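Since we're looking at a predicted model, the values are computed, not measured. What you see below is based on every heavy atom in this structure, not just the backbone, and it leaves out hydrogens, waters and symmetry mates.
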Protein chains: 2
Amino acid sequence: MSYAIAIIDQLRNKKFRITRLRKALIEELGISKKPLSVEEIIKHLRKRKVIVHKTSVYRQLIFLMEQDEVRKVTFGEKGDRFELTVMHHHHAVCQKCGEVEDLLYLESNIKQMEQTFLKKRFKVERHLVEFLGLCKKCQKEKTKTI
Amino acid sequence: MSYAIAIIDQLRNKKFRITRLRKALIEELGISKKPLSVEEIIKHLRKRKVIVHKTSVYRQLIFLMEQDEVRKVTFGEKGDRFELTVMHHHHAVCQKCGEVEDLLYLESNIKQMEQTFLKKRFKVERHLVEFLGLCKKCQKEKTKTI
DNA sequence: TGACAAATGCAACTCGGTTGCGTTAAAATA
DNA sequence: TATTTTAACGCAACCGAGTTGCATTTGTCA
């Protein structure tokens, strides 16, 4: 199931243009199981014959973040990664094979932590909760990590 | 209370040289209440008359990370930040005034989350747990965030 | 279909971080 | 304490993710 159609509709209602890039980018993020780097985005788009300049991708991502449709996440690598806001959750990232697992089962823990802030009167706008390590497979064939 | 002396001693025992920069850097990280950026490190060192090139700071931080005495953390900003491993905990970062509060009271939540991974056989090597938002003070005088 | 602003492509740029190499200074030895 | 060795340093040049300015293209609406 993809969230892309709803997002595109919402943007159209807000009178924003639906360009080839904007549409394809939202669709790609909507079907990706993990947050994507700009490099990955360009590669994926190329596969579906949408050839774009990195500048346009960055500007598009900034636009979508302003509309609160996209969020930046970090796995402690060099570059940033991006995901649809509606798909926001947390990840276990294998440092060797790069496999990403969604951590749906942590949501209650995170909610619980955010309760703590209510008491402290700190208004949480954003959180980073990611776990980096080795997946089951890669623990066996242990070599160098990324 | 500073952790610097113990760390320096340990390095000396491992036959590493204790240079002016190495010593001053460990001491600065040891007295800082928050993880520091390289820019901040250079500024702090300058105040105590230790003038160093950014290259040396980066190399020193890489060395200290290899020795597992220092960790890289990210607050979702441009650059990275660094802290002593023994001081590792999590933070609430105000996006306006930059104030950083240690989240000692989250440790039990994080331990709990890591329990989850034991069941999944995912070996956690590192985690990112940071909360970004507005502190009590800045919520009142609300303007632009960083 | 034409007009117009929004979005795009491209070149040049910024800036955090890295690399190569010649120089300096910790610390072991005499 | 002077001498030797080599780890650590400073500097210049570089790398690459992300940004900016501007001319060109394209989505939308009359």
Side-chain angles (χ1 to χ4, degrees), chain A residues 7-28 35-43 45-46 48-67 69-83 146, chain B residues 7-28 35-46 48-67 69-83 98 146:
Chain A
I7 293 170
I8 291 167
D9 249 38
Q10 243 177 297
L11 292 175
R12 212 189 298 272
N13 288 343
K14 290 203 243 173
K15 301 298 171 198
F16 293 113
R17 291 188 185 173
I18 307 306
T19 61
R20 257 166 72 76
L21 166 57
R22 183 164 291 165
K23 185 161 176 288
L25 173 54
I26 294 168
E27 285 168 359
E28 273 308 322
L36 298 174
S37 67
V38 168
E39 200 190 340
E40 286 169 342
I41 288 168
I42 291 172
K43 217 174 283 174
L45 292 180
R46 185 165 294 145
R48 55 153 88 192
K49 311 288 179 210
V50 179
I51 313 298
V52 283
H53 199 273
K54 65 170 181 166
T55 307
S56 307
V57 175
Y58 279 112
R59 282 202 268 237
Q60 205 48 245
L61 288 166
I62 290 165
F63 166 81
L64 291 170
M65 284 193 285
E66 283 165 1
Q67 300 307 313
E69 300 292 357
V70 163
R71 283 196 192 168
K72 194 188 282 188
V73 300
T74 176
F75 291 167
E77 309 154 302
K78 279 267 170 70
D80 295 322
R81 289 178 171 271
F82 302 86
E83 68 182 357
I146 294 169
Chain B
I7 293 169
I8 291 168
D9 250 36
Q10 242 177 301
L11 291 176
R12 212 189 299 270
N13 288 342
K14 289 202 245 174
K15 301 300 172 195
F16 292 112
R17 292 186 185 175
I18 306 307
T19 62
R20 258 166 72 76
L21 165 57
R22 184 163 291 166
K23 185 161 176 289
L25 173 54
I26 294 168
E27 285 168 0
E28 273 309 321
L36 298 173
S37 67
V38 168
E39 200 190 341
E40 287 169 342
I41 289 168
I42 291 171
K43 219 176 282 173
H44 288 200
L45 293 180
R46 185 166 293 144
R48 54 153 90 189
K49 311 288 181 213
V50 180
I51 312 299
V52 284
H53 199 273
K54 64 171 182 165
T55 306
S56 306
V57 175
Y58 279 112
R59 280 203 269 238
Q60 205 48 244
L61 289 166
I62 290 166
F63 166 82
L64 291 170
M65 284 193 284
E66 283 166 1
Q67 300 306 314
E69 300 292 357
V70 163
R71 284 197 193 168
K72 195 188 280 188
V73 300
T74 176
F75 290 167
E77 309 155 302
K78 280 267 171 68
D80 296 323
R81 290 179 171 271
F82 301 86
E83 68 182 358
I146 294 168

For a quick test of reading the model: is some side-chain N or O of B:Tyr58 closer than 4.0 Å to OP1 or OP2 of C:dT18? no
For the pair made of [atom1] in [X] and [atom2] in [N], what is the distance, rounded to whole Å?
{"X": "B:Ile42", "N": "C:dC15", "atom1": "CD1", "atom2": "C1'", "answer": "13 Å"}
{"X": "B:Arg81", "N": "C:dG16", "atom1": "CZ", "atom2": "P", "answer": "12 Å"}
{"X": "A:Leu11", "N": "C:dA6", "atom1": "CG", "atom2": "C1'", "answer": "14 Å"}
{"X": "A:Glu66", "N": "C:dA6", "atom1": "CD", "atom2": "P", "answer": "13 Å"}

Mind checking whether A:Ile41 and A:Val52 have side chains closer than 4.5 Å, heavy atoms only? no
Sequence neighbours excluded, the answer for salt bridge (charged side-chain N to carboxylate O under 4.0 Å, His left out) partners of B:Lys23 is B:Glu27
Residues which pass salt bridge (charged side-chain N to carboxylate O under 4.0 Å, His left out) with B:Arg81, listed by chain and number, not counting sequence neighbours: B:Glu40, B:Glu77
Where protein sits on nucleotides 7-12 of chain C, one letter per nucleotide: B base, S sugar-phosphate only, - none, heavy atoms under 4.0 Å: SBBBB-
Tell me, please, which residues at least two apart from B:Arg59 pass side-chain contact (heavy atoms from CB on, under 4.5 Å). B:Thr55
Sequence neighbours excluded, the answer for side-chain contact (heavy atoms from CB on, under 4.5 Å) partners of A:Arg20 is A:Val50
Starting at the 5' end of DNA chain C and moving along, which residue's nearest nucleotide shows up first, B:Arg12 or B:Val38? B:Val38
Only distances under 3.5 Å count here; give the side-chain donor-acceptor pairs of residues 69-76 of chain A to other protein atoms, sequence neighbours excluded, each with its distance to 0.1 Å.
unit_1, atom_1, unit_2, atom_2, d
A:Thr74, OG1, A:Gly76, N, 3.1

For [X], which residues count as a side chain to side chain donor-acceptor pair (under 3.5 Å) partner, sequence neighbours excluded?
{"X": "B:Glu28", "result": "B:His44, B:Arg48"}
{"X": "B:Lys14", "result": "B:Gln67"}
{"X": "A:Gln10", "result": "none"}

5' to 3' on DNA chain D, which nucleotides open and close the contacts with chain B (atom under 4.0 Å from a heavy atom)? D:dT6 to D:dA12
Looking at A:Ile18, is its backbone amide N or carbonyl O close enough to the side chain of A:Arg12 to form a donor-acceptor pair, meaning the two atoms are under 3.5 Å apart? no
Can you name the residues that form a ring pair (Phe, Tyr, Trp, His ring centres under 6.0 Å) with A:Phe63, not counting sequence neighbours? A:Phe16
At what angle, to 10 degrees, do the two end axes of the helix from C:dT1-D:dA30 to C:dA30-D:dT1 meet, given five pairs define each axis? 30°
